[in-house]
Asker: 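Below is a structure I'd like to ask you about.
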Amino acid sequence: MDDVALHKSDTKSAVRAALLAWYDERARTLPWRSPPGAAERTDPYRVWLSEVMLQQTTVPHATPYFQSFTQRWPTVNDLAAVADADLMAAWAGLGYYARARNLLACARAVASQHGGVFPDTEAGLLTLPGVGAYTAAAVAAIAFDREANVVDGNVERVVARLFAVETPVPAARPELRVLAGSLVEAHRPGDWAQALMDLGATVCRPKSPSCLICPISAWCAGYRTGEPERYPVKTKKAERPHRLGFAYVLRDGAGRVALVQRPDKGLLGGMLGLPTSDWGAAPSETPPVKADWIDAGAIEHVFTHFSLTLAVRVAEGQGDFVWTSEEAALKALPTVFRKALERGLASAG
DNA sequence: GAAACGTGGTC
DNA sequence: TGACCAAGTTT
């Protein structure tokens, strides 16, 4: 790796000073963030909640959820008291629903085992459900000013470019972590972590990075290669398979629709859903009740590891289901089923 | 280490 | 328009 320059401690200091100065001026204003250098530490509950919501999720997508959650549940104790179904409904549309189940488990653990106070060390945070290496480090640094090595996708990209790391990810992860750690110091650790992430999000972007306005391009080995966007080098991803399935919109004639509670484990775990067939190459029709099922067309949806065509069938009938008003269902369902329900309702008129 | 796990925006 | 991508964690 081409990191000779940064082995000098005065160079490391220069890079740190340049990026922190940039952050002092250019930090994004975000609902869960205190201004750079603020005397008041941000509420660990808000830091934790934002970090969980932001896992593999964009700021614009997570923001309204953060606003809604903190308004409805201002403290971790409030969140710990929420019924499972209410929490899952509030999370509907955000994706990666295991996060919501772990969020509740974590809130309850903090409330019951830690007196409503978040652990203030990385190791303590790491014991909590849904809190992995990144989130533990981020909360420790941002909420508790701990000297933690906060490594997310942004940091990996910035560091891969700064040091022109040729090893492809994901194999390069340990190496990138060590390099990121080489820049961490006890001075302003929370601001340092956020400065690195802001740089990655706004300047050192995955595509067309803005090297001309980058505060640390002078020390960037990737910039010197002339094609910084080549980093981090990646291995090819496997193709995404396609699956087919049927979804059934059963209505009771009084504005309610039949939903089912999905098992806690697996895809869309713990969420409400429409009754469906199996999903695969050639699924067979398996309607939940005998009825006069009408073809309502199909919807397309893309998951992380497969894409799906869901043929929608509509009928009127009865049965043992979670009967829910159409309005409430549209708000509580994960997106794939919301799309299928909308299709069914539009077709049925 | 690899695979499972959502969604919406971008180019 | 399809592939890529976003503040990862769990199994």
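Quick note on labels: first sequence line is chain A, next is B, and so on, each numbered from 1.
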Asker: When the ring centroid of F303(A) is compared with that of H301(A), is the distance short of 6.0 Å?
Answerer: yes
Asker: Using heavy atoms to find the nearest nucleotide of DNA chain B for A171(A) and R99(A) separately, return the residue whose nucleotide is more 5′.
Answerer: A171(A)
Asker: Between dT9(C) atom C1' and E156(A) atom CD, what is the distance in whole Å?
Answerer: 14 Å
Asker: In whole Å, what is the span from the NZ atom of K237(A) to the P atom of dA3(B)?
Answerer: 13 Å
Asker: What I want to check is whether an N or O donor and acceptor connect the side chain of Y96(A) with the base of dG6(B) at under 3.5 Å.
Answerer: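 Looking at the base of dG6(B), it does pair with a donor or acceptor on the side chain of Y96(A) (distance under 3.5 Å).
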Asker: Rounded to whole angstroms, how far apart are CE on M88(A) and P on dC5(B)?
Answerer: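 The distance from CE of M88(A) to P of dC5(B) comes to 14 Å, rounded to the nearest Å.
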Asker: Give one of base, sugar-phosphate or nothing for P60(A), where a contact means two heavy atoms less than 4.0 Å apart.
Answerer: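 No contact.
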Asker: Let me know the distance between CZ of R205(A) and C1' of dT10(B), rounded to the nearest Å.
Answerer: 12 Å
Asker: Between dT10(C), dA7(C), dG8(C), which nucleotide gets closest to the side-chain atoms of N102(A)?
Answerer: dT10(C)
Asker: Establish, from distance only, whether the side-chain atoms of T135(A) and E51(A) form a donor-acceptor pair under 3.5 Å.
Answerer: no
Asker: Among L103(A), D43(A), L125(A), find the residue that satisfies the side chain to side chain contact (heavy atoms under 4.5 Å, CB included) test when tested with W48(A).
Answerer: L103(A)
Asker: Across the strands shown, which category fits G269(A) at heavy-atom distances under 4.0 angstrom: base, sugar-phosphate, nothing?
Answerer: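 Result for G269(A) = nothing.
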Asker: Taking all heavy atoms of A136(A) and all of L126(A), pick out the closest pair and write down the distance.
Answerer: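 It is CB-CD1, 3.8 Å.
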Asker: Using a heavy-atom cut-off of 4.0 Å across all strands, would you classify A133(A) as base, sugar-phosphate, or nothing?
Answerer: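 Touches sugar-phosphate only.
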Asker: Could you tell me how the ring of W279(A) sits relative to the ring of F337(A): parallel (under 30°), tilted (30 to 60°) or perpendicular (over 60°)?
Answerer: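 Ring orientation, 0 to 90° scale: tilted.
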Asker: dT9(C) and dG8(B): how far apart are their P atoms, nearest whole angstrom?
Answerer: 22 Å
Asker: Figure out the CG/C1' separation between D264(A) and dT9(C), and round it to whole Å.
Answerer: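 For the pair D264(A) CG and dT9(C) C1', the rounded distance is 17 Å.
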Asker: Between dG8(C), dT7(B), dA6(C), spot the one nearest the side chain of N154(A), thanks.
Answerer: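 Per side-chain heavy atoms of N154(A), the pick is dA6(C).
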Asker: When the distance from CD of Q56(A) to C1' of dT10(C) is rounded to whole Å, what number comes out?
Answerer: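 It is 13 Å, rounded to the nearest whole Å.
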Asker: Go through the N and O atoms of the side chain of T57(A) and the base of dG6(B), and report whether any donor-acceptor pair is under 3.5 Å.
Answerer: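 A donor-acceptor contact between them is present.
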Asker: For V336(A), answer base if it contacts any base atom (sugar-phosphate contacts may also be present), sugar-phosphate if it contacts only those atoms, and nothing otherwise; contact means non-hydrogen atoms under 4.0 Å.
Answerer: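 Sugar-phosphate: the residue V336(A), judged by heavy atoms under 4.0 Å, touches backbone atoms but no base.
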Asker: Using a heavy-atom cut-off of under 4.0 Å over every strand shown, decide if W91(A) touches base, sugar-phosphate, or nothing.
Answerer: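 Counting heavy atoms under 4.0 Å across all strands, no contact is made by W91(A).
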Asker: Where each residue is assigned the nucleotide of DNA chain B containing its nearest heavy atom, which of G95(A) and P170(A) is assigned the position nearer the 5′ end?
Answerer: P170(A)
Asker: Starting from the C-alpha separation in whole Å, work towards a yes-or-no answer on ring pair (Phe, Tyr, Trp, His ring centres under 6.0 Å) for F66(A) and F69(A).
Answerer: CA-CA 5 Å; F66(A) 179 83; F69(A) 271 59; 8.9 Å; no
Asker: Please tell me which of the listed nucleotides, dT11(C), dC5(C), dT7(B), lies nearest to the side chain of K265(A)?
Answerer: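 Ranking dT11(C), dC5(C), dT7(B) by closest atom to the K265(A) side chain puts dT11(C) first.
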Asker: Do S307(A) and R243(A) have side-chain N/O donor and acceptor atoms under 3.5 Å apart?
Answerer: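 No pair is found: no donor N or O on one side chain lies under 3.5 Å from an acceptor on the other.
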Asker: Mind checking if S50(A) touches a base, just sugar-phosphate, or nothing, with heavy atoms under 4.0 Å?
Answerer: nothing
Asker: dA7(C), dA6(C), dC5(B): which one has an atom nearest the side-chain heavy atoms of R28(A)?
Answerer: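 My answer, after comparing the listed nucleotides, is dA7(C).
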Asker: Taking only the side-chain nitrogens and oxygens of R101(A), find out if one of them lies under 4.0 Å from OP1 or OP2 of dT10(C).
Answerer: no
Asker: With rounding to whole Å, what would you report as the distance between dT10(B) and dA7(C) at their P atoms?
Answerer: 15 Å
Asker: What is the nucleic acid contact for L103(A), judged by heavy atoms within less than 4.0 Å: base, sugar-phosphate only, or nothing?
Answerer: nothing
Asker: Looking at the side chain of P206(A), which of dG6(B), dC4(C), dA6(C) is the nearest nucleotide?
Answerer: dA6(C)
Asker: So for atom CD, which belongs to E300(A), do other residues, nucleotides or ligands contribute more than 12 heavy atoms lying within a distance under 6.0 Å?
Answerer: yes
Asker: Mapping G153(A) and K234(A) onto DNA chain C by nearest heavy atom, which one lands closer to the 5' end?
Answerer: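 Mapping each residue to its closest nucleotide by heavy atoms, the 5'-most match is K234(A).
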Asker: Nearest of dT7(B), dC4(C), dG8(B) to any side-chain atom of R338(A)?
Answerer: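 Per side-chain heavy atoms of R338(A), the pick is dG8(B).
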Asker: Determine the Euclidean distance between corresponding P atoms of dG2(C) and dC5(B); express it in Å to zero decimal places.
Answerer: 23 Å
Asker: Rounded to whole Å, please give me the gap between CD in E300(A) and C1' in dA3(C).
Answerer: 16 Å
Asker: If you only use heavy atoms from C-beta on, which nucleotide in dC5(C), dG8(B), dA7(C) is closest to the side chain of H61(A)?
Answerer: dG8(B)
Asker: Distance between the C1' atoms of dC5(C) and dT1(C), in whole angstroms?
Answerer: 16 Å
Asker: Any base atoms under 4.0 Å from G200(A), or only sugar-phosphate, or nothing? Heavy atoms, all strands.
Answerer: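 Contact class for G200(A): none.
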Asker: Tell me whether the side-chain N or O atoms of T58(A) pair up with the base of dG8(B) as donor and acceptor below 3.5 Å, since no angle test is needed here.
Answerer: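 Checked by distance alone, the answer is no.
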Asker: Whole-Å distance between dA4(B) P and L268(A) CG?
Answerer: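 Rounding to the nearest Å, CG of L268(A) and P of dA4(B) are 15 Å apart.
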Asker: Touch check for V150(A), heavy atoms < 4.0 angstrom, all strands: base, sugar-phosphate only, or nothing?
Answerer: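 No contact.
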